[in-house]
Visitor: 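Dropping a structure here in structure tokens format, bear with me for questions.
The figures here come from the full heavy-atom set of this structure, side chains too, leaving out hydrogens, waters and symmetry mates. By convention here, the first residue in the shown sequence is residue 1. Worth saying up front: this structure is predicted, and the values here are computed from it rather than measured.
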Amino acid sequence: MLEARDSHWMAQALHLAELGLYGTSPNPRVGCVLVKQDILIGSGWHQKAGEPHAEVYALRAAGERARGATAYVTLEPCSHFGRTPPCAEALIVAGVSRVVVAMSDPNPLVEGKGIECLRAAGIEVECGLLANAAGALNAGFVSRMKHGMPWVRCKTGMSLDGRTALSNGVSQWITSAESRRDVQHWRARSCAVMTGINTILSDNARLNVREIQTLRQPLRVVVDSMLRMPLDALILSGGVLIYTAVENEFKIAPLLALGAQVKCLPDKAGQVDLKAMMRDLALRGCNEILLEAGAILTGAMLRADLVDELLLYVAPQLLGDTARGMAVLGDLVTLDQRVDLQWQDVRQIGNDLRITARVKRK
């Protein structure tokens with residue numbers, strides 16, 4: 001039976017899991033604490049794909065003291081051999097008597113098998129404590145495992161009246177330096193940062209993580225239906241994945257020579273098939289995508305129901321009705337066509353507000 005102190009220790013495990021925010025993909029972020037007689041005896045978190053899982057680090061720290069202890073794990077211990085041995089077996093061998101799991105693992109290779117393995121060994125297992133917090137920490141991993149699609153977070157910097165640039169395209173800078181720095185953390189936690197070719201042509205964006213330390217740079221993705229990518233674009237330095245709708249070898253060859261990857265995924269309208277693109281990114285192990293694009297691509301992704309969450313940086317200024325909006329949604333004739341949102345978080349960043357909202361599925 002769960003008790004109040006169980007929530008305390010699971011919260012500690014979730015805090016540890018957050019330490020892996022920038023480095024575990026394509027694996028989930030997982031934390032583990034080992035407790036005996038209400039004393040912490042070992043802790044750990046998954047730090048990088050291919051390296052030991054959270055349970056292994058905690059067991060190493062606890063040593064022989066792990067026998068008879070309770071393990072608090074933010075995700076069901078794995079039960080299969082991957083790049084590392086199964087953690088469920090490690091907990092059994094260590095002699096823990098009880099395991100409290102925040103959420104079951106949506107990976108079809110696990111999906112309850114780890115819990116079954118522990119219970120078959122006589123270990124008491126309880127699942128579901130702080131499950132929502134654990135799920136939010138791994139929204140992308142859950143989406144990829146359950147639906148074969150990444151979690152797409154759309155970031156937009158805009159004025160209070162919802163404008164992202166003047167009518168002539170000038171947009172630097174609407175939001176504050178503090179907001180722009182905050183965006184770097186969201187880039188660092190993402191598996192890929194995506195934009196459209198118009199953003200490259202107008203801003204010559206690099207889309208890399210700057211100003212903060214990170215274990216790896218996210219994959220940079222450009223949607224470029226007609227292959228208009230300039231060969232001197234800054235984003236071509238360090239590698240980029242370009243999705244296009246045209247098989248033009250004369251344009252593709254020089255891009256490949258510069259180290260770019262080019263994937264042709266046309267739809268019936270001659271544009272990039274956005275759903276096929278997202279499925280392809282999931283197959284590449286992308287859990288979270290940060291979309292930083294203009295109104296055309298942002299609108300297309302919203303209309304295709306491919307955006308899960310909005311990350312809005314709202315500056316205390318007005319740009320007027322002739323300035324550019326955040327998304328081209330077409331001419332809506334009924335309110336049933338609107339995009340409904342659910343507030344998640346509002347906080348002040350510098351002089352701006354950062355609003356997080358989930359897209360409500362119809």
Visitor: Taking only Lys NZ, Arg NE, NH1 and NH2, and the carboxylate oxygens of Asp or Glu, determine whether Glu124 and Arg119 approach each other closer than 4.0 Å.
Guide: no
Visitor: Please answer whether the main-chain N or O of Pro108 pairs with a side-chain N or O of Lys113 as donor and acceptor at a distance below 3.5 Å.
Guide: yes
Visitor: What I'd like to find out is whether the side chain of Val246 reaches to under 4.5 Å of the side chain of Pro266, using heavy atoms alone.
Guide: no
Visitor: Does Asn168 have more than 12 heavy atoms from other residues, nucleotides or ligands lying within 6.0 Å of its CG?
Guide: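 Yes, CG of Asn168 has more than 12 neighbouring heavy atoms, counting only those of other groups under 6.0 Å.
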Visitor: Report whether Ile289 and Met326 are members of the same hydrophobic cluster (ILVMFWY, side-chain heavy atoms less than 4.5 Å apart, transitive linking).
Guide: yes
Visitor: Under the 3.5 angstrom rule, does the side chain of Lys36 hit a backbone N or O of Arg67 as a donor-acceptor pair?
Guide: yes
Visitor: Are the charged groups of Lys251 and Asp224 less than 4.0 angstrom apart, N to O?
Guide: no
Visitor: Determine whether a donor-acceptor pair (N or O, by modelled atom type, separation under 3.5 Å) exists between the side chain of Ser202 and the backbone of Asn198.
Guide: yes
Visitor: Tell me if a side-chain donor or acceptor on Asn287 pairs with a main-chain N or O of Pro150 at a distance below 3.5 Å.
Guide: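 Side chain of Asn287 to backbone of Pro150: no pair is present.
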Visitor: List the steps, then state whether side-chain contact (heavy atoms from CB on, under 4.5 Å) holds for Asn351 with Thr175.
Guide: CA-CA 8 Å; Asn351 203 33; Thr175 54; over 6 Å; no
Visitor: Grab the two heavy atoms, one from Val209 and one from Gln217, that are nearest each other, plus how far apart they are.
Guide: N-OE1, 2.8 Å
Visitor: Within the supplied structure, the quantity of interest is the number of heavy atoms (other residues, nucleotides, ligands) at a distance under 6.0 Å from Arg206 CZ; does it exceed 12?
Guide: no
Visitor: Between Arg216 and Ala188, which heavy-atom pair has the shortest distance, and what is it?
Guide: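 Reported closest heavy-atom pair: NH1-O, 3.0 Å.
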Visitor: State the OG-CD distance between Ser43 and Glu55, to the nearest 0.5 angstrom.
Guide: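 Nearest 0.5 Å value for the OG-CD distance: 12.5 Å.
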Visitor: Indicate yes or no for a side-chain donor-acceptor contact from Arg65 to the backbone of Ala62 under 3.5 Å, with no hydrogens or angles considered.
Guide: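 Checked: pair present.
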Visitor: Could you give the distance from CG (Leu281) to CZ (Arg279), rounded to the nearest 0.5 Å?
Guide: 11.5 Å
Visitor: Quick check on the hydrophobic clustering: are Leu297 and Val272 connected, directly or via other members, by side-chain heavy-atom contacts under 4.5 Å?
Guide: yes
Visitor: Are Asp273 and Tyr243 close enough that a side-chain donor and a side-chain acceptor fall under 3.5 Å?
Guide: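 The criterion, which ignores hydrogens and geometry beyond distance, is not satisfied for Tyr243 and Asp273.
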Visitor: Hydrophobic clusters here meaning ILVMFWY residues chained together by side-chain heavy-atom distances under 4.5 Å, can you tell me if Leu274 and Leu310 are in one?
Guide: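 Linked within one cluster.
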Visitor: Show the nearest heavy-atom pair for residues Asn204 and Ala233, with the distance to one decimal.
Guide: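 Between these two residues, the closest heavy atoms are OD1-CA, 3.6 Å.
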Visitor: Find out if a path of hydrophobic residues (ILVMFWY) with successive side-chain heavy-atom gaps under 4.5 Å connects Val125 to Val96.
Guide: yes
Visitor: The test is side-chain contact (heavy atoms from CB on, under 4.5 Å); show your working for Leu231 and Leu255 and say whether it passes.
Guide: CA-CA 7 Å; Leu231 296 181; Leu255 292 169; 3.7 Å; yes
Visitor: Does either side chain, that of Thr334 or that of Asp336, offer a donor lying less than 3.5 Å from an acceptor on the other one?
Guide: no
Visitor: Please check if the number of heavy atoms outside Gln37 that lie under 6.0 Å from its CD is greater than 12.
Guide: no
Visitor: Let me confirm one number: the CG-CD distance from Leu59 to Glu64, rounded to the nearest 0.5 Å.
Guide: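 Reported to 0.5 Å precision, the distance equals 11.0 Å.
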Visitor: Give a yes or no on whether the backbone of Met149 and the side-chain of Ser143 come within a donor-acceptor separation of less than 3.5 Å.
Guide: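 It does hold such a pair.
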Visitor: One pair to check against side-chain contact (heavy atoms from CB on, under 4.5 Å): Phe141 and Asp105. What are the steps and the verdict?
Guide: CA-CA 10 Å; Phe141 179 77; Asp105 191 334; 3.5 Å; yes
Visitor: Evaluate the side-chain proximity of Arg358 to Asp308: yes if any heavy-atom separation is below 4.5 Å, no if none is.
Guide: no
Visitor: Check Lys275 with Asp305, please: is the shortest side-chain N to carboxylate O separation under 4.0 Å?
Guide: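 No salt bridge links Asp305 with Lys275.
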Visitor: Going by atom types only, do Asp352 and Ser179 share a side-chain donor-acceptor pair under 3.5 Å?
Guide: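 Yes - a donor-acceptor pair under 3.5 Å links their side chains.
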Visitor: Identify the two heavy atoms, one from Thr298 and one from Ala327, that lie closest to each other, and give their separation to 0.1 Å.
Guide: CG2-CB, 3.9 Å
Visitor: Could you walk me through whether Arg180 and Glu211 pass salt bridge (charged side-chain N to carboxylate O under 4.0 Å, His left out), step by step?
Guide: CA-CA 10 Å; Arg180 297 195 297 276; Glu211 299 182 37; over 6 Å; no
Visitor: Main chain of Ala205, side chain of Asp203: is a donor-acceptor contact present, judged purely on distance under 3.5 Å?
Guide: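 No, because the side chain of Asp203 does not come within donor-acceptor range (under 3.5 Å) of the backbone of Ala205.
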Visitor: Is the number of heavy atoms from other residues, nucleotides or ligands under 6.0 Å of His15 NE2 greater than 12?
Guide: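 No.
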Visitor: Mind checking whether Pro77 and Leu91 have side chains closer than 4.5 Å, heavy atoms only?
Guide: yes
Visitor: Is the side chain of Arg324 donor-acceptor paired with the backbone N or O of Gly294 at a distance under 3.5 Å, no angle test?
Guide: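 No, Arg324 side chain to Gly294 backbone: no donor-acceptor pair under 3.5 Å.
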Visitor: CD1 of Ile296: more than 12 outside heavy atoms within 6.0 angstrom?
Guide: no
Visitor: Keeping Arg220 on the side-chain end and Ile235 on the backbone end, is there a donor-acceptor pair under 3.5 Å?
Guide: yes
Visitor: Verify whether one side chain among Asn208 and Arg187 offers a donor that lies under 3.5 Å from an acceptor in the other.
Guide: no
Visitor: Between Arg354 and Asp182, does at least one N-O distance fall below 4.0 Å, as a salt bridge requires?
Guide: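 Looking at Asp182 together with Arg354, the answer is yes, because their closest N to O distance falls below 4.0 Å.
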Visitor: Any side-chain heavy-atom pair from Thr70 and Leu34 closer than 4.5 angstrom?
Guide: no
Visitor: Looking at every heavy atom in both Met226 and Thr244, which two are closest together, and how far apart are they?
Guide: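 Taking Met226 first and Thr244 second, the nearest heavy atoms are N-OG1, 4.3 Å.
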Visitor: Tell me, please, whether Trp45 has Arg29 positioned over its six-membered ring: NZ or CZ under 6.0 Å from the ring centre and within 45 degrees of its axis?
Guide: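 So Arg29 doesn't make the cation-pi contact.
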Visitor: Please tell me if the side chains of Cys154 and Thr156 come closer than 4.5 Å, counting only heavy atoms from C-beta onward.
Guide: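 Cys154 vs Thr156: side chains touch.
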Visitor: Nearest 0.5 Å, please: how far is CG in Leu166 from CD1 in Ile174?
Guide: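 It is 6.5 Å, given to the nearest 0.5 Å.
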Visitor: Measuring only between side-chain heavy atoms, which start at C-beta, is Lys263 closer than 4.5 Å to Asp280?
Guide: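 Heavy-atom side-chain distance check passes, below 4.5 Å.
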Visitor: Mind checking whether Leu329 and Leu312 sit in one hydrophobic cluster, side chains of I, L, V, M, F, W, Y counted as touching below 4.5 Å?
Guide: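 Yes; Leu312 is reachable from Leu329 via cluster members.
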Visitor: Looking only at heavy atoms, which two atoms of Tyr72 and Ala13 are closest? And how far apart?
Guide: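 Residues Tyr72 and Ala13, closest heavy atoms: O-CB, 3.8 Å.
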Visitor: Are the side chains of Leu291 and Thr195 in contact, using a 4.5 Å heavy-atom criterion?
Guide: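 They are not in side-chain contact.
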Visitor: Assess the residue pair Met158 and Tyr313 against the criterion (side-chain contact (heavy atoms from CB on, under 4.5 Å)); give the C-alpha distance rounded to whole Å, side-chain angles, the decisive distance to 0.1 Å, and a yes or no.
Guide: CA-CA 6 Å; Met158 63 186 191; Tyr313 293 87; over 6 Å; no
Visitor: Measuring from atom CZ of Arg153 to atom OG1 of Thr356, what distance do you get when rounded to the nearest 0.5 angstrom?
Guide: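 If we round to the nearest 0.5 Å, Arg153:CZ and Thr356:OG1 are 8.0 Å apart.
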Visitor: Is there a side-chain hydrogen bond (donor to acceptor under 3.5 Å, both in side chains) between Gln184 and Arg189 once you walk through the steps?
Guide: CA-CA 9 Å; Gln184 301 304 314; Arg189 69 174 286 170; over 6 Å; no
Visitor: Distance only, no hydrogens: is a donor on one side chain within 3.5 Å (strictly under) of an acceptor on the other, for Gln271 and Ser225?
Guide: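 Ser225 and Gln271 do have a side-chain donor-acceptor pair below 3.5 Å.
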Visitor: Could you check if a side-chain atom of Trp186 sits within less than 4.5 angstrom of a side-chain atom of Lys155, using non-hydrogen atoms only?
Guide: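 A side-chain contact is absent here, since even the closest heavy-atom pair is not under 4.5 Å.
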Visitor: Short question: side chain of Glu76, backbone of Gly114 - any donor-acceptor pair under 3.5 Å?
Guide: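 Between the backbone of Gly114 and the side chain of Glu76 there is a qualifying donor-acceptor contact (under 3.5 Å).
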Visitor: According to the interplanar angle, ranging from 0 to 90°, do the rings of His53 and His46 count as parallel (below 30°), tilted (30 to 60°) or perpendicular (above 60°)?
Guide: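 The rings of His53 and His46 stand perpendicular, inter-plane angle above 60°.
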Visitor: Supply the atom-to-atom distance Lys146 NZ to Asn107 CG, rounded to the nearest 0.5 angstrom.
Guide: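 Lys146 NZ to Asn107 CG: 12.5 Å, rounded to 0.5 Å.
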